[in-house]
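Worksheet: the structure to be examined is printed underneath.
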Amino acid sequence: MLTLYHGATAVCAAKVRVTLAEKGVGYESRPINLHTGEQFDPEYMKLNPNAVVPTIVHDGRVLIESTVINEYLDDVFPAPALRPADPYGRARVRLWTKREDAIHDAINTMTASILFRAELMQKPPEERRKRYEKIPDLAKRAKWAEIMDKGVESRFVDEALARFAKLFRDMEKALADGPWLTGDDFTLADIGLISFFYRLEMLECAGTWREHFPRVTDWFERCKARPSFKTAILDHVPPPAFESYRAHSAPVRPAVEARFREALKAA
Ligand SMILES: N[C@@H](CCC(=O)N[C@@H](CS)C(=O)NCC(=O)O)C(=O)O
(Lines give C-alpha, C1' and ligand atoms only; values in the text may rest on other atoms or scores of the structure.)
Protein backbone atom coordinates (compact mmCIF):
# COMPACT_ATOMS: atom_id res chain seq x y z
CA MET A 1 0.00 0.00 0.00
CA LEU A 2 1.44 3.36 -1.07
CA THR A 3 0.14 6.71 0.14
CA LEU A 4 1.33 9.98 -1.37
CA TYR A 5 0.97 13.29 0.43
CA HIS A 6 1.24 15.93 -2.25
CA GLY A 7 0.06 19.29 -3.54
CA ALA A 8 -1.62 19.82 -6.91
CA THR A 9 0.92 22.30 -8.23
CA ALA A 10 3.81 21.47 -5.85
CA VAL A 11 6.76 20.78 -8.14
CA CYS A 12 8.58 18.37 -5.80
CA ALA A 13 5.46 16.29 -5.38
CA ALA A 14 5.03 16.30 -9.17
CA LYS A 15 8.51 14.76 -9.49
CA VAL A 16 7.29 11.76 -7.53
CA ARG A 17 3.99 11.57 -9.42
CA VAL A 18 5.92 11.42 -12.72
CA THR A 19 8.00 8.49 -11.43
CA LEU A 20 4.87 6.66 -10.27
CA ALA A 21 3.16 7.32 -13.61
CA GLU A 22 6.18 6.11 -15.60
CA LYS A 23 6.11 2.90 -13.58
CA GLY A 24 2.33 2.53 -13.65
CA VAL A 25 2.18 2.38 -9.85
CA GLY A 26 -1.09 3.47 -8.24
CA TYR A 27 -1.27 5.31 -4.93
CA GLU A 28 -3.68 6.58 -2.35
CA SER A 29 -3.79 10.35 -2.75
CA ARG A 30 -3.62 12.62 0.29
CA PRO A 31 -3.71 16.24 -0.93
CA ILE A 32 -2.09 18.81 1.33
CA ASN A 33 -3.27 22.37 0.69
CA LEU A 34 -0.09 24.45 0.89
CA HIS A 35 -2.03 27.70 0.45
CA THR A 36 -4.09 27.17 3.60
CA GLY A 37 -1.05 25.91 5.54
CA GLU A 38 -2.01 22.23 5.92
CA GLN A 39 1.72 21.41 5.72
CA PHE A 40 2.06 22.91 9.23
CA ASP A 41 -0.59 20.63 10.74
CA PRO A 42 1.18 18.93 13.69
CA GLU A 43 -0.14 15.53 12.57
CA TYR A 44 1.39 16.02 9.10
CA MET A 45 4.64 17.32 10.60
CA LYS A 46 5.00 14.05 12.50
CA LEU A 47 5.46 12.48 9.04
CA ASN A 48 7.42 15.33 7.49
CA PRO A 49 9.09 17.55 10.12
CA ASN A 50 10.18 19.96 7.36
CA ALA A 51 6.52 20.86 6.72
CA VAL A 52 6.80 20.28 2.98
CA VAL A 53 5.46 17.85 0.39
CA PRO A 54 5.96 15.17 -0.84
CA THR A 55 5.85 12.43 1.75
CA ILE A 56 5.14 8.79 1.01
CA VAL A 57 4.07 6.02 3.34
CA HIS A 58 4.85 2.64 1.81
CA ASP A 59 3.76 -0.47 3.68
CA GLY A 60 3.64 1.56 6.87
CA ARG A 61 7.06 3.18 6.42
CA VAL A 62 7.46 6.92 5.98
CA LEU A 63 9.84 8.53 3.49
CA ILE A 64 10.45 12.20 2.69
CA GLU A 65 12.58 14.15 0.15
CA SER A 66 11.49 13.80 -3.48
CA THR A 67 14.91 12.80 -4.86
CA VAL A 68 15.33 10.10 -2.22
CA ILE A 69 11.73 8.94 -2.73
CA ASN A 70 12.29 8.63 -6.49
CA GLU A 71 15.38 6.45 -5.98
CA TYR A 72 13.47 4.32 -3.46
CA LEU A 73 10.57 3.88 -5.91
CA ASP A 74 13.01 2.86 -8.63
CA ASP A 75 14.41 0.22 -6.26
CA VAL A 76 11.12 -1.23 -5.06
CA PHE A 77 9.28 -1.04 -8.40
CA PRO A 78 12.15 -1.96 -10.74
CA ALA A 79 10.26 -2.01 -14.07
CA PRO A 80 10.73 0.03 -16.12
CA ALA A 81 14.12 0.95 -14.70
CA LEU A 82 14.70 4.68 -14.42
CA ARG A 83 18.43 4.38 -13.73
CA PRO A 84 21.10 2.37 -15.53
CA ALA A 85 22.23 -0.89 -13.93
CA ASP A 86 25.95 -0.06 -13.94
CA PRO A 87 27.47 1.99 -11.09
CA TYR A 88 29.01 4.61 -13.39
CA GLY A 89 25.71 5.16 -15.19
CA ARG A 90 23.91 5.50 -11.85
CA ALA A 91 26.53 7.99 -10.66
CA ARG A 92 25.98 10.07 -13.81
CA VAL A 93 22.23 10.18 -13.07
CA ARG A 94 23.00 11.23 -9.52
CA LEU A 95 25.19 14.12 -10.71
CA TRP A 96 21.97 15.60 -12.13
CA THR A 97 19.60 14.68 -9.30
CA LYS A 98 22.08 16.06 -6.73
CA ARG A 99 21.43 19.54 -8.16
CA GLU A 100 17.67 19.35 -7.77
CA ASP A 101 17.44 20.87 -4.28
CA ALA A 102 19.35 23.97 -5.43
CA ILE A 103 17.24 24.27 -8.58
CA HIS A 104 14.07 23.75 -6.58
CA ASP A 105 15.15 26.53 -4.23
CA ALA A 106 15.53 28.80 -7.28
CA ILE A 107 12.09 27.77 -8.58
CA ASN A 108 10.64 28.50 -5.15
CA THR A 109 12.30 31.94 -5.20
CA MET A 110 10.67 32.80 -8.52
CA THR A 111 7.23 31.51 -7.51
CA ALA A 112 7.36 33.22 -4.12
CA SER A 113 8.54 36.56 -5.51
CA ILE A 114 6.09 36.62 -8.42
CA LEU A 115 2.99 34.74 -7.27
CA PHE A 116 2.93 34.09 -3.51
CA ARG A 117 4.03 37.65 -2.72
CA ALA A 118 1.26 39.17 -4.84
CA GLU A 119 -1.31 36.96 -3.09
CA LEU A 120 0.06 37.66 0.40
CA MET A 121 0.30 41.41 -0.15
CA GLN A 122 -3.48 41.49 -0.18
CA LYS A 123 -3.49 40.30 3.46
CA PRO A 124 -2.71 42.31 6.61
CA PRO A 125 1.02 42.26 7.61
CA GLU A 126 0.31 40.09 10.66
CA GLU A 127 -1.37 37.39 8.61
CA ARG A 128 1.35 37.68 5.94
CA ARG A 129 4.08 37.00 8.47
CA LYS A 130 2.19 34.01 9.81
CA ARG A 131 2.59 32.31 6.42
CA TYR A 132 6.35 32.08 6.71
CA GLU A 133 7.05 32.35 10.42
CA LYS A 134 6.11 28.69 10.80
CA ILE A 135 8.69 27.51 8.24
CA PRO A 136 11.06 25.28 10.27
CA ASP A 137 14.16 26.05 8.17
CA LEU A 138 15.57 29.41 9.30
CA ALA A 139 17.37 30.19 6.03
CA LYS A 140 14.20 29.53 4.04
CA ARG A 141 12.21 31.70 6.45
CA ALA A 142 14.70 34.57 6.04
CA LYS A 143 14.51 34.22 2.26
CA TRP A 144 10.72 34.47 2.37
CA ALA A 145 10.91 37.56 4.60
CA GLU A 146 13.21 39.30 2.14
CA ILE A 147 11.13 38.28 -0.86
CA MET A 148 7.95 39.58 0.78
CA ASP A 149 9.78 42.87 1.31
CA LYS A 150 11.52 43.25 -2.05
CA GLY A 151 9.73 40.98 -4.53
CA VAL A 152 11.67 40.38 -7.76
CA GLU A 153 14.20 43.03 -6.68
CA SER A 154 15.48 40.56 -4.07
CA ARG A 155 19.07 39.35 -4.47
CA PHE A 156 17.63 35.82 -4.25
CA VAL A 157 16.07 36.36 -7.70
CA ASP A 158 19.48 37.09 -9.21
CA GLU A 159 20.88 33.98 -7.54
CA ALA A 160 17.98 31.95 -8.92
CA LEU A 161 18.46 33.28 -12.46
CA ALA A 162 22.19 32.51 -12.28
CA ARG A 163 21.37 28.91 -11.31
CA PHE A 164 18.99 28.54 -14.25
CA ALA A 165 21.55 30.00 -16.66
CA LYS A 166 24.21 27.51 -15.54
CA LEU A 167 21.72 24.63 -15.60
CA PHE A 168 20.55 25.40 -19.14
CA ARG A 169 24.14 25.63 -20.38
CA ASP A 170 25.03 22.29 -18.80
CA MET A 171 21.88 20.66 -20.17
CA GLU A 172 22.49 21.99 -23.69
CA LYS A 173 25.97 20.46 -23.62
CA ALA A 174 24.80 17.10 -22.25
CA LEU A 175 21.96 16.84 -24.77
CA ALA A 176 24.47 16.85 -27.64
CA ASP A 177 25.04 13.16 -26.78
CA GLY A 178 21.45 11.91 -26.84
CA PRO A 179 17.78 12.72 -26.43
CA TRP A 180 17.91 12.48 -22.63
CA LEU A 181 20.26 14.00 -20.08
CA THR A 182 22.42 10.93 -19.63
CA GLY A 183 22.14 9.63 -23.20
CA ASP A 184 19.69 7.25 -24.85
CA ASP A 185 17.52 6.42 -21.85
CA PHE A 186 14.94 8.48 -20.00
CA THR A 187 15.96 8.43 -16.33
CA LEU A 188 15.39 10.03 -12.94
CA ALA A 189 17.77 12.77 -14.14
CA ASP A 190 15.14 13.92 -16.65
CA ILE A 191 12.21 13.32 -14.31
CA GLY A 192 13.69 15.56 -11.64
CA LEU A 193 13.59 18.62 -13.87
CA ILE A 194 10.31 18.32 -15.79
CA SER A 195 8.00 19.92 -13.24
CA PHE A 196 10.56 22.67 -12.59
CA PHE A 197 10.57 23.57 -16.28
CA TYR A 198 6.81 23.51 -16.33
CA ARG A 199 6.71 25.97 -13.44
CA LEU A 200 9.07 28.30 -15.35
CA GLU A 201 6.78 27.99 -18.33
CA MET A 202 3.69 28.76 -16.23
CA LEU A 203 5.42 31.82 -14.78
CA GLU A 204 6.69 32.65 -18.26
CA CYS A 205 10.00 33.65 -16.74
CA ALA A 206 13.50 32.78 -17.91
CA GLY A 207 11.57 31.75 -21.03
CA THR A 208 14.39 33.04 -23.17
CA TRP A 209 15.97 29.60 -22.74
CA ARG A 210 14.10 28.87 -25.98
CA GLU A 211 16.14 31.53 -27.82
CA HIS A 212 19.47 30.25 -26.57
CA PHE A 213 19.14 26.52 -25.95
CA PRO A 214 17.50 24.60 -28.81
CA ARG A 215 18.39 21.17 -27.46
CA VAL A 216 16.92 22.03 -24.05
CA THR A 217 13.78 23.28 -25.79
CA ASP A 218 13.44 20.02 -27.74
CA TRP A 219 14.16 17.97 -24.60
CA PHE A 220 11.29 19.67 -22.78
CA GLU A 221 8.95 19.03 -25.73
CA ARG A 222 9.93 15.34 -25.59
CA CYS A 223 9.19 15.28 -21.85
CA LYS A 224 5.79 16.87 -22.47
CA ALA A 225 4.97 14.29 -25.13
CA ARG A 226 5.23 11.45 -22.61
CA PRO A 227 1.89 10.28 -21.19
CA SER A 228 3.24 10.82 -17.65
CA PHE A 229 3.35 14.58 -18.27
CA LYS A 230 -0.41 14.70 -18.66
CA THR A 231 -1.36 12.31 -15.85
CA ALA A 232 1.23 13.42 -13.29
CA ILE A 233 1.45 17.16 -13.97
CA LEU A 234 -1.10 18.68 -16.32
CA ASP A 235 -4.17 16.89 -14.95
CA HIS A 236 -3.37 18.19 -11.45
CA VAL A 237 -3.08 21.88 -12.30
CA PRO A 238 -6.46 23.57 -11.88
CA PRO A 239 -7.19 25.82 -14.91
CA PRO A 240 -7.47 29.02 -12.79
CA ALA A 241 -3.87 28.43 -11.66
CA PHE A 242 -2.63 29.03 -15.22
CA GLU A 243 -4.40 32.38 -15.35
CA SER A 244 -3.14 33.38 -11.93
CA TYR A 245 0.51 32.52 -12.68
CA ARG A 246 0.47 34.34 -16.03
CA ALA A 247 -1.39 37.39 -14.72
CA HIS A 248 1.01 37.90 -11.82
CA SER A 249 4.12 37.40 -13.89
CA ALA A 250 3.10 39.74 -16.73
CA PRO A 251 4.07 43.03 -15.00
CA VAL A 252 7.53 41.81 -13.91
CA ARG A 253 8.39 39.63 -16.91
CA PRO A 254 10.39 42.19 -18.97
CA ALA A 255 12.61 43.08 -15.99
CA VAL A 256 13.14 39.44 -15.04
CA GLU A 257 13.96 38.44 -18.63
CA ALA A 258 16.47 41.32 -18.88
CA ARG A 259 18.21 40.16 -15.74
CA PHE A 260 18.17 36.58 -16.98
CA ARG A 261 20.03 37.70 -20.12
CA GLU A 262 22.68 39.25 -17.86
CA ALA A 263 22.90 36.01 -15.89
CA LEU A 264 23.42 34.10 -19.14
CA LYS A 265 26.40 36.25 -20.03
CA ALA A 266 28.04 35.37 -16.73
CA ALA A 267 27.20 31.65 -16.79
N1 LIG B 1 13.85 19.04 -0.71
C2 LIG B 1 12.44 18.83 -0.58
C3 LIG B 1 11.70 20.13 -0.86
C4 LIG B 1 10.21 19.98 -0.64
C5 LIG B 1 9.48 21.32 -0.78
O6 LIG B 1 10.03 22.39 -0.47
N7 LIG B 1 8.22 21.23 -1.22
C8 LIG B 1 7.43 22.42 -1.40
C9 LIG B 1 6.49 22.24 -2.57
S10 LIG B 1 7.35 21.97 -4.08
C11 LIG B 1 6.57 22.67 -0.17
O12 LIG B 1 5.99 21.76 0.35
N13 LIG B 1 6.47 23.93 0.26
C14 LIG B 1 5.65 24.29 1.37
C15 LIG B 1 6.16 25.54 2.04
O16 LIG B 1 7.19 26.05 1.60
O17 LIG B 1 5.55 25.96 3.01
C18 LIG B 1 12.00 17.71 -1.52
O19 LIG B 1 12.60 17.58 -2.60
O20 LIG B 1 11.08 16.94 -1.20
Side-chain angles (χ1 to χ4, degrees), residues 2-20 27 29-58 62-74 93-94 96-117 119-120 123 127-148 154 156 160 163 167 188-203 232-233 236-238 241 245:
L2 181 73
T3 305
L4 173 67
Y5 294 80
H6 59 139
T9 56
V11 290
C12 291
K15 270 167 67 176
V16 172
R17 287 199 304 260
V18 173
T19 300
L20 290 167
Y27 58 90
S29 170
R30 293 284 179 87
I32 298 290
N33 188 332
L34 301 177
H35 292 277
T36 58
E38 284 180 4
Q39 68 274 39
F40 301 115
D41 179 332
E43 281 307 306
Y44 179 67
M45 286 183 70
K46 280 185 197 159
L47 300 176
N48 191 323
N50 300 332
V52 292
V53 291
T55 301
I56 64 164
V57 182
H58 184 220
V62 180
L63 202 56
I64 62 170
E65 288 297 327
S66 57
T67 304
V68 176
I69 293 172
N70 273 355
E71 287 188 7
Y72 172 80
L73 292 174
D74 198 37
V93 170
R94 195 165 290 142
W96 287 104
T97 60
K98 183 176 183 293
R99 293 172 78 166
E100 285 167 20
D101 281 342
I103 301 299
H104 171 254
D105 181 55
I107 294 284
N108 172 268
T109 295
M110 300 316 297
T111 315
S113 60
I114 294 173
L115 181 78
F116 300 154
R117 181 175 186 266
E119 289 173 352
L120 283 172
K123 302 192 169 163
E127 205 176 317
R128 205 181 303 156
R129 265 198 302 277
K130 268 194 209 149
R131 167 62 182 87
Y132 57 84
E133 276 181 351
K134 291 187 205 154
I135 294 175
D137 183 273
L138 293 183
K140 188 172 159 191
R141 204 188 295 174
K143 181 184 92 169
W144 269 69
E146 177 175 314
I147 285 174
M148 289 310 126
S154 160
F156 288 106
R163 275 184 206 168
L167 174 74
L188 293 182
D190 304 287
I191 288 181
L193 294 171
I194 300 170
S195 61
F196 296 171
F197 269 72
Y198 189 55
R199 171 61 56 82
L200 287 180
E201 195 166 79
M202 279 178 81
L203 285 170
I233 298 183
H236 292 260
V237 181
Y245 277 66

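Atoms within each ligand, like the ligands themselves, are counted from 1 in listed order. This structure is a prediction, so every number in the text was calculated from the model and none was measured.
Polar contact with ligand 1: absent for Ile135 (N/O pair, distance under 3.5 Å). In terms of polar-atom proximity, Ser66 is counted as a contact of ligand 1, with an N or O under 3.5 Å from an N or O of the ligand. For Asn108, no nitrogen or oxygen atom sits less than 3.5 Å from a nitrogen or oxygen atom of ligand 1, counting backbone and side chain alike. Ligand 1 has a nitrogen or oxygen under 3.5 angstrom from a nitrogen or oxygen of Lys140. Polar contact with ligand 1: absent for Lys15 (N/O pair, distance under 3.5 Å).
For the pair Pro54 and ligand 1, a heavy-atom separation below 4.0 Å is found.
The stretch residues 31-44 participates, sequence neighbours left out, in these salt bridge (Lys or Arg N to Asp or Glu O under 4.0 Å) pairs: Glu43-Lys46.
With sequence neighbours excluded, the residues satisfying salt bridge (Lys or Arg N to Asp or Glu O under 4.0 Å) with Arg163 are Asp105.
Ring orientation note: the planes of Phe196 and His104 are tilted relative to one another, at an angle of 30° to 60°.
When heavy-atom distances to ligand 1 are checked against a 4.0 Å cut-off, Glu100 has no atom that comes that close, whether in backbone or side chain. At a heavy-atom cutoff of 4.0 Å, ligand 1 is contacted by no atom of Asn50, backbone or side chain. Under 4.0 Å from ligand 1, the heavy atoms of Arg131 that appear belong solely to its side chain.
Using a 3.5 Å distance cut-off with no hydrogens or angles, the side chains of Lys15 and Ser66 do pair a donor with an acceptor.
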